[in-house]
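The structure appears below as C-alpha cells.
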Amino acid sequence: MIIAIDGPAAAGKGTLARRLAKELGLPYLDTGLLYRAVGRRVLDAGVDPADPAAAEAQAKALHPDDLARTDLRGPAADQAASQVASVPGVRAALLAFQRNFATTGGAVLDGRDIGTVIFPDADVKLFVTASVEARAERRWREHQAASLESVTEDLRRRDAMDAARAAAPLRPADDAVLLDTTAMDPNQAFAAALLAVKAQNSE
Ligand code: DC
C-alpha cells in the first residue's frame, strides 16, 4: 500500500504520516528532508541556492548520509530547501529515490507532490492542511526561537513559493481527501486520517 500525504509546511503531515506508518507497519519517508539536504549541500558549497545548475549538481551528488544530518531544520535550511525545490532538475534528480523507496514494500510518504507527481496512482491520498495562524502557532510552540509574527510571515512566504512554482506546485490531487486540522488536536487528526485511509483503501 502506498499512502501519499501532501500539504503546506507545519500542517502536521510528518506527525500524522509517522503514526500512520507505525499503525499500518509501513516504512515512512519524509521527502522534505531530501530537499532540505540538497539545500544544505548548496549552502555548504557556498553557492547560491537560487542558481539552478548549482542546485541540480548538489541534488545529483546527494548521499543517503546527508539525510541524517542534524542541521536540516531551522530558518536557513527552510529557505534553502524552498529555493532548491523550485528547480525542475533538482526534482527530477530526487524522483527515482522516492519511487524506489516505496516500490518493494509500500510506504507512507509525506511532501508536496507525492499524490500529484511521485505516486499519482497511490492507494491513498491525503491533503493535510490548517490555517496559517494555527500552523504558525504550532511551529512557534515547538521552537520559540523567533517571534510568532516572524514565524507566521516565514510560513506565508514558503506557502507562496511552494504553491507558485512552475515545477510540481503544491496543490491537492483531484482525488485526495482533504483533512483540515485547524480545530483538531494530534489525536483527533490521527483518528480522522485513519478513517480516511480505510475508506479510500476499500474503494
Ligand atoms: O516539508 P518540509 O517543510 O520539510 O519541506 C521543505 C521544503 O521542500 C519546502 O519548501 C517544500 C519542499 N518540498 C517539496 O517541494 N516537495 C516535497 N515532496 C517535499 C518538500
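Whatever order the structure lists ligands and atoms in, that order sets their numbers, starting from 1.
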Any luck finding a side-chain donor-acceptor pair between Arg138 and Thr181 under 3.5 Å?
-> yes
Test of proximity, [X] against ligand 1: N or O pairs below 3.5 Å:
X: Thr31; result: yes
X: Asp162; result: yes
X: Asp30; result: no

Sub-4.0 Å heavy-atom contact, Arg91 with ligand 1 = yes
Just jot down the ligand 1 atoms closer than 4.0 angstrom to any heavy atom of [X], in number order.
X: Gly32; result: 4 (O), 5 (O), 19 (C), 20 (C)
X: Gly111; result: 17 (C), 18 (N), 19 (C)
X: Arg165; result: 14 (C), 15 (O)
X: Ala85; result: 12 (C), 15 (O)
X: Arg158; result: 3 (O), 9 (C), 10 (O)

Between Arg41 and Asp44, is there a side-chain N and carboxylate O pair less than 4.0 Å apart?
-> no
Does a salt bridge link Asp6 with Arg171, judged by any charged N lying under 4.0 Å from a carboxylate O?
-> no
Check whether any side-chain heavy atom of Phe190 lies under 4.5 Å from a side-chain heavy atom of Glu23, and answer yes or no.
-> yes
Are any of the side-chain heavy atoms of Tyr28 and Ile3 separated by less than 4.5 Å?
-> no
Between Leu109 and Val90, is there a shared hydrophobic cluster once you connect ILVMFWY residues whose side-chain heavy atoms come closer than 4.5 Å?
-> yes
In the protein, which heavy atom is nearest to atom 7 (C) of ligand 1, and how far is it?
-> Ala81 CB, 3.7 Å
Of all the non-hydrogen atoms in the protein, which one sits nearest to atom 8 (O) of ligand 1, and at what distance?
-> Tyr35 CB, 3.4 Å
If you compare Arg157, Arg112, Lys13, Arg73 by their heavy atoms, the one closest to atom 13 (N) of ligand 1 turns out to be Arg112
Of the backbone atoms (N, CA, C, O) and the side-chain heavy atoms from C-beta on, which set of Arg36 has a member under 4.0 Å from an atom of ligand 1: side chain, backbone, both, or neither?
-> side chain
Using a 4.0 Å heavy-atom cut-off, say whether Ser82 meets ligand 1 through its side chain, its backbone, both or neither.
-> both
Enter the distance from Asp110:CG to Asp30:CG here, rounded to the nearest 0.5 Å.
-> 5.0 Å
Looking only at heavy atoms, what is the nearest atom pair of Leu126 and Ala193, with distance?
-> CD1-CB, 3.9 Å
Check each of Thr31, Asp78, Asp71 against Arg36 using the side-chain hydrogen bond (donor to acceptor under 3.5 Å, both in side chains) test, and report the only one that passes.
-> Asp78
